[in-house]
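Chain identifiers are assigned alphabetically (A, B, ...) following the order of the sequence lines, protein sequences preceding nucleic acid strands; residue numbering begins at 1 within each chain.
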There are 2 protein chains.
Amino acid sequence: MTISRPDGQRSPTLEEVAEWAGVSRSTVSRVINGVSTVDPELRELVQRAIDATGYVPNLAARSLVTRRTDSVALVVSEPDDRTEQAEPFLNRIFTDPFLGRITAGALEVLRPEGIHLVIMPAESPAHHHVLRYLRQGHVDGVLLISSSDEDPLPQQLCDLGIPAVLSARPGKPLPMSYVDVEQQVGAKLAAEHLLAIGRHHLATISGPLDMPSSQDRLAGFRAALAVHGHAYVPSAAGNFTRASGEQAARELFAAHPEIDGLFVANDLMAEGALQALRDLGRRVPEDVAVVGFDNSIAALQCRPQLTTIHQPLEEMAAEMARLLLARIGKADPKPRSVIFHPRLVKRESA
Amino acid sequence: MTISRPDGQRSPTLEEVAEWAGVSRSTVSRVINGVSTVDPELRELVQRAIDATGYVPNLAARSLVTRRTDSVALVVSEPDDRTEQAEPFLNRIFTDPFLGRITAGALEVLRPEGIHLVIMPAESPAHHHVLRYLRQGHVDGVLLISSSDEDPLPQQLCDLGIPAVLSARPGKPLPMSYVDVEQQVGAKLAAEHLLAIGRHHLATISGPLDMPSSQDRLAGFRAALAVHGHAYVPSAAGNFTRASGEQAARELFAAHPEIDGLFVANDLMAEGALQALRDLGRRVPEDVAVVGFDNSIAALQCRPQLTTIHQPLEEMAAEMARLLLARIGKADPKPRSVIFHPRLVKRESA
DNA sequence: GGTATTCCAGGGAGCGCTCTCTCCAAGGTC
DNA sequence: GACCTTGGAGAGAGCGCTCCCTGGAATACC
């Protein structure tokens, strides 16, 4: 802290507060930390001293001894191979409603516990920066949003013994807790809905295929259709951005103009697909029915409004925070997984 | 730090590295901090010891004595009165391309300096949380994105002597550095362009009117039109979200169907306005010309693509970071302001 | 060759806090 | 009244680091 206060002096220390109140350092410390064995009268006195001096505990000193910082990091990671895309990483993550919902959910749990959340983007070239930050002990643990099964970060955190919780099933088995949603079930809901409304030429726009969740949604969609006799399902991969959805839809309809039902692996890409369909002169849902995934704000903002698969991201993030807190508490609880259920939200597009 | 390493032991200390290398604590410290007065041979030896032990400096211990943390916060603040809006704060900030660009620009400057950036949302009920975080000395300074002239945070940071730089001219005069863009000039560019392409019935959708930048854009637009004899300019205020832009456009066109030129205070709202115009059956730009503001990714993603006022957000954020670093370096440099120039980017919508 | 000067490694203090241990006083027991 | 228990305050050590000061070896100077 470089708080050069206006009056030029540093912020007061425990010792100074103690002197002001005429008690010992220990007593002040006890009051600050809410230890009950303090005479109520003294407690009151010390509280006045704290207010009078404007005392704030020095975090560095405290965490030097407690080995806690009372803050956790939300790290949004991105592997090498996707870093050089048209739309820069930071633009993508700070434009996708995903992150906001995750943050909100995590804060819901962390704030009442007095734990701070710091958000750190970690695109690949900066991985070591972030890793250094984490190793230095700025935070007690990390909520890791990782978007590829090639991402080395989960493994690294594991090796370093830094408590962490993942936002999805890890690509490789790892002794870490994670939350997830039944991706395949979500895709199945979409498939069955499209069939139920009488569509026969189905296709899908998937997310990046190095993401387990993308793979699952694609596989789930295909499997559900196979059950109904559809052996072949055209697909194109996007990267979860609106532009990539638009592009994928164009490709798909160029190759398969007969498509009348489309499952898109997130709402943002679905919005892009809607754009493409408009340009192609296809009406939604009359000519083509579209189902998205996420039930994000984007689903409500496009025309027609998106029928989509709801994913309880806020609750999932809250659960991640809870799992992390548990992990930080005791050294080595068994890694736990918590799986959430998706559901279909019917709107106008299908 | 609660790093309970897999093998159950804590991470090594300076002392242990010193012992490994057979030198003193001081020497290791010197090597770590790149002090030049170390025998190259010893330096080499110490480096091997560091690698072998996997040593990472303990941040708490270090910053206890240096009073630096080598990290700064990017705080996105929001005043009371706007917290209870349809779209939650976190959704809004993590959906607007604004934040991504700011982050990218700041990191550009901070990363090479080895300074970490932590992002903290600070909607009003959590202000004290964030303030506590900052006061505890987690960071050396703050880049403050504040969106209202009622926001108490700048003043508070100032009082606490926490180094900070603002992202726009503060609502009230304050001895803090800030960057800004010539908002009025930007609005004037929009106004003149709309006139130049032959529009006569101009209107504008502004941002929240408690933001100095919104006020400036509105005032600038009106002033520029006044010069050309337009005494009255219909306007409606949004809150910089797509939905609010759509809503504002509806209101505006319901009251003033003759409008043929529209200046919207950011691209996101302009996208919403485009949506509304499409619903109303107005062609853009034939019936209504639309000019946005920001030149964000959103301007490229809508149909027709937006003519907009470019704001060099990345450079502005980079400059903020530079100003902050300067402020952290020495106690009390004179607060500086750096003003950037907007420019018109012509696309399809006007 | 003796002294002054530089160079560079080591030792010690101390940053501000927590936490354990000690100690004192008050109350309870027989 | 002597003893033990208990509640609650203070003293001390030490977390891991940096930074200043000291001192010895190497070099330079007269």
Would you tabulate the pairs of protein nitrogen or oxygen atoms and nucleotide nitrogen or oxygen atoms of nucleotides 4-7 of chain C closer than 3.5 angstrom?
none

Notebook entry, point to check: Ser177(B): what forms a side chain to side chain contact (heavy atoms under 4.5 Å, CB included) with it, not counting sequence neighbours?
Noted result: Val165(B), Leu323(B), Pro335(B), Arg336(B)

Checklist line | Atom pair distance, as rounded to whole Å: CZ in Arg67(A) and P in dC17(C) | finding: 18 Å

Check: Listed in order of residue number, which residues of residues 41-49 of chain A have a non-hydrogen atom at under 4.0 Å from DNA chain D?
Finding: Leu42(A)

Next item on the list: Would you kindly say whether Ser63(A) and Thr66(A) are connected by a side-chain donor-acceptor distance under 3.5 Å?
Entry: no

Next item on the list: May I ask you to evaluate whether Thr13(B) reaches the phosphate of dC15(D), defined as a side-chain N or O under 4.0 Å from OP1 or OP2?
Entry: no

Notebook entry, point to check: What residue among Val75(A), Leu174(A), Leu144(A) forms side-chain contact (heavy atoms from CB on, under 4.5 Å) with Leu157(A)?
Noted result: Leu144(A)

Notebook entry, point to check: Of the non-hydrogen atoms in Pro163(B) and Arg327(B), which two are nearest, and what is the gap between them?
Noted result: CB-CG, 3.6 Å

Checklist line | Check: Tyr55(A) and Leu14(A) side chains under 4.5 Å, non-hydrogen atoms | finding: yes

Note to self: Give me the atom names and distance for the closest heavy-atom approach of Asp149(B) to Gly171(B).
What the structure shows: CB-CA, 3.3 Å

Next item on the list: Quickly, which of Leu74(B), Ile115(B), Asp70(B) forms a side-chain contact (heavy atoms from CB on, under 4.5 Å) with Leu110(B)? Name it, please.
Entry: Ile115(B)

Note to self: Rounded to whole Å, please give me the gap between CD in Glu15(B) and P in dT18(D).
What the structure shows: 12 Å

Checklist line | Of all pairs that satisfy salt bridge (charged side-chain N to carboxylate O under 4.0 Å, His left out), the ones with a partner from residues 100-115 of chain B, not counting sequence neighbours | finding: Glu123(A)-Arg111(B), Arg101(B)-Glu314(B)

Next item on the list: Enter the inter-axis angle for the ends of the helix from dG1(C)-dC30(D) to dC30(C)-dG1(D) (five pairs per end, rounded to 10°).
Entry: 50°

Next item on the list: Assign the ring pair His138(A) / Tyr133(A) to parallel, tilted or perpendicular, where the plane angle (0 to 90°) is split at 30° and 60°.
Entry: parallel

Item checked: Whole-Å distance separating the CG atom of Leu64(B) from the P atom of dG14(D) -> 17 Å

Check: So does Ser24(B) get a side-chain nitrogen or oxygen closer than 4.0 Å to the phosphate oxygens (OP1/OP2) of dG10(C)?
Finding: yes

Check: Between Met120(B) and Ile119(A), is any pair of side-chain heavy atoms under 4.5 Å apart?
Finding: no

Next item on the list: In whole angstrom, give the distance that lies between atom CZ of Arg68(B) and atom P of dC19(D).
Entry: 11 Å

Next item on the list: Starting at atom CD of Glu19(B), determine the distance to atom P of dG16(D), rounded to an integer number of angstrom.
Entry: 14 Å

Next item on the list: Please indicate whether Glu19(A) has more than 12 foreign heavy atoms, meaning atoms of other residues, nucleotides or ligands, lying under 6.0 Å from its CD.
Entry: no

Below 3.5 Å is the cut-off: list the nitrogen or oxygen pairs between protein and nucleotides 18-26 of chain C, distance only.
{"unit_1": "dT18(C)", "atom_1": "OP1", "unit_2": "Asn33(A)", "atom_2": "ND2", "d": "3.2"}
{"unit_1": "dT18(C)", "atom_1": "OP1", "unit_2": "Arg62(A)", "atom_2": "NE", "d": "2.9"}
{"unit_1": "dT18(C)", "atom_1": "OP1", "unit_2": "Arg62(A)", "atom_2": "NH2", "d": "3.1"}
{"unit_1": "dT18(C)", "atom_1": "OP2", "unit_2": "Ser29(A)", "atom_2": "OG", "d": "2.8"}
{"unit_1": "dT18(C)", "atom_1": "O4", "unit_2": "Arg25(A)", "atom_2": "NE", "d": "3.4"}
{"unit_1": "dT18(C)", "atom_1": "O4", "unit_2": "Arg25(A)", "atom_2": "NH2", "d": "3.4"}

Margin query: Rounded to whole Å, please give me the gap between CG in Asn58(B) and P in dC17(D).
Written below: 6 Å

Item checked: Donor-acceptor pair, side chain of Asp140(B) and main chain of Arg68(B), under 3.5 angstrom -> no

Next item on the list: State, yes or no, whether a side-chain contact exists between Ile145(A) and Ser77(A) at a heavy-atom distance under 4.5 Å.
Entry: no

